[in-house]
Amino acid sequence: MLKRGYFNELAPRWDSLPALPGAEEKVARFVRRAVETEDRRVLDVGAGTGILLPHLLAASVPCIVELDFAERMLEAGRAKAGGGRVEPVCGDACRLPLRPGSFDAVLCFGVLPHLGPAGDALAGLLPAARAGGTLAVGHLLGSSELNAFHSAMSGPVAGDCLRPARETAAILQSLGAAVLACEEEPGWYFVRVRR
Ligand SMILES: C[S@@+](CC[C@H](N)C(=O)[O-])C[C@H]1O[C@@H](n2cnc3c(N)ncnc32)[C@H](O)[C@@H]1O
């Protein structure tokens, strides 16, 4: 579990790392586009310290499951969790410790490249959404920007790779989902499907 150790070690510093330009507005846009007003249960995969949480809470989502395999990430984010609506779950997104079909929306923000082959990861994550529920993948960089960033790093995330949005959308389509959005440009990556 090299990656888990890597993210645990990063956790205390995660929120003070320099933010990408426009990050706050783009995170808000991701949540606005990925979550519907009637969504009651939302899964935040690879939640980290809860970058999405303030926006999910502001959107009045009644139940938010924050899933991460790095317990120190979840601990560092605990202060952002409000009012009993947030359930932190320490577990592996590649072996989801959650009941299938139990979420209205599954959010994968800044995590997919870290989960191994995208087809395997998405085949495991899509069933977490109920029939008619949604899954969204988002990043603050386009795939080539993010891949260049990762390959310039050393350590266990150096080879992690995000496929272009159209390929991610095609994988999800091949898994039986309907594509609602497929957008990629410098500084933005957004794929959303309905199961
Ligand atoms: C790049 S960080 C992004 C965190 C957060 N979503 C954000 O944007 O600030 C990736 C997160 O995914 C988590 N992660 C990576 N692989 C995972 C896995 N197999 N299962 C669960 N969490 C994982 C890491 O621990 C880390 O918190």
Side-chain angles (χ1 to χ4, degrees), residues 1-11 14 30-31 34-35 39-53 56 61 63-78 80-81 85-139 143 146-147 150 153 155-163 165 167-179 189 191-195:
M1 278 301 224
L2 276 178
K3 278 192 199 175
R4 183 166 160 245
Y6 171 84
F7 282 111
N8 266 328
E9 197 272 324
L10 260 181
W14 187 255
F30 174 78
V31 172
V35 176
D39 286 350
R40 302 196 58 76
R41 280 178 56 80
V42 170
L43 172 62
D44 181 1
V45 179
T49 61
I51 193 171
L52 304 182
L53 253 188
L56 293 169
V61 177
C63 174
I64 303 155
V65 174
E66 293 279 284
L67 176 88
D68 206 288
F69 70 174
E71 65 279 7
R72 288 193 206 149
M73 282 283 191
L74 294 172
E75 274 160 33
R78 220 169 274 277
K80 293 178 201 163
R85 289 153 60 198
V86 181
E87 186 189 337
V89 173
C90 190
D92 189 347
C94 302
R95 281 182 291 277
L96 220 49
L98 299 163
R99 193 161 51 83
S102 56
F103 292 94
D104 298 301
V106 176
L107 311 183
C108 307
F109 189 79
V111 67
L112 188 59
H114 304 307
L115 303 182
D120 296 344
L122 292 169
L125 291 170
L126 185 61
R130 64 169 170 81
T134 60
L135 179 146
V137 178
H139 290 273
S143 58
L146 187 68
N147 294 336
H150 281 148
M153 294 170 83
V157 302
D160 289 358
C161 180
L162 178 65
R163 298 176 66 158
E167 291 184 19
T168 299
I171 291 169
L172 285 160
Q173 207 165 23
S174 76
L175 294 168
V179 178
Y189 184 105
V191 175
R192 183 168 181 250
V193 299
R194 192 173 299 285
R195 187 178 165 215

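Nothing here was measured: the structure is a model prediction, and the numbers come from that model. Counting begins at 1 with the first residue of the sequence.
When the salt bridge (charged side-chain N to carboxylate O under 4.0 Å, His left out) test is applied to Arg195, no partner is found at least two apart in sequence or on another chain. By the salt bridge (charged side-chain N to carboxylate O under 4.0 Å, His left out) test, Arg194 pairs with Glu36, sequence neighbours left out. Residues forming a salt bridge (charged side-chain N to carboxylate O under 4.0 Å, His left out) with Glu9 (at least two apart in sequence, or on another chain): Arg13. Residues meeting the side chain to side chain contact (heavy atoms under 4.5 Å, CB included) test with Glu167, sequence neighbours left out: Arg163, Pro164. Residues that satisfy the ring-ring contact (aromatic ring centres under 6.0 Å, His included) test with Phe69, not counting sequence neighbours, are absent from this structure. With sequence neighbours excluded, no residue satisfies side-chain hydrogen bond (donor to acceptor under 3.5 Å, both in side chains) with Arg72. When the side chain to side chain contact (heavy atoms under 4.5 Å, CB included) test is applied to Cys161, the partners found at least two apart in sequence or on another chain are Asn147. With sequence neighbours left out, the ring-ring contact (aromatic ring centres under 6.0 Å, His included) criterion links His114 to Phe7, His150. For Pro156, the side chain to side chain contact (heavy atoms under 4.5 Å, CB included) partners at least two apart in sequence or on another chain are Leu2, Lys3, Tyr6.
A distance of 7.5 Å separates CZ in Phe103 from CG in Leu96, rounded to the nearest 0.5 Å. Distance check: Leu122 CG to Leu115 CG gives 8.5 Å after rounding to the nearest 0.5 Å. Put simply, CG on Leu126 and CG on Leu175 are 6.0 Å apart, with the number rounded to the nearest 0.5 Å. To the nearest 0.5 Å, atoms CG (Leu74) and CD (Glu66) are separated by 7.5 Å.
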Which pairs would a plain distance check flag for residues 104-112, meaning a side-chain donor or acceptor within less than 3.5 Å of a matching protein atom at least two apart in sequence or in another chain?
{"residue": "Asp104", "atom": "OD1", "partner": "Arg130", "partner atom": "NE", "Å": "2.6"}
{"residue": "Asp104", "atom": "OD2", "partner": "Arg40", "partner atom": "N", "Å": "2.8"}
{"residue": "Asp104", "atom": "OD2", "partner": "Arg41", "partner atom": "N", "Å": "2.8"}

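Taking both residues in full, the closest heavy atoms of Pro97 and Val89 are given as CG-CG1, 4.2 Å, listed atom of the first, atom of the second, then distance. When every heavy atom of Ile171 is checked against every heavy atom of Ala118, the shortest pair comes out as CD1-CB, 3.9 Å. Residue Pro88 comes nearest to Arg78 through the heavy atom pair CG-NH1, 3.8 Å, listed as atom of the first residue, atom of the second, then distance. Counting all heavy atoms, side chain and backbone alike, Val137 lies closest to Phe30 at C-CE1, 3.9 Å.
A donor-acceptor contact shorter than 3.5 Å links the side chain of Asp68 to the backbone of Gly48.
A salt bridge (Lys or Arg N to Asp or Glu O under 4.0 Å) check over residues 87-99, counting only residues at least two apart or in different chains, returns the pairs Asp92-Arg95. Within the structure, salt bridge (Lys or Arg N to Asp or Glu O under 4.0 Å) contacts touching residues 43-53 (residues at least two apart or in different chains) do not occur.
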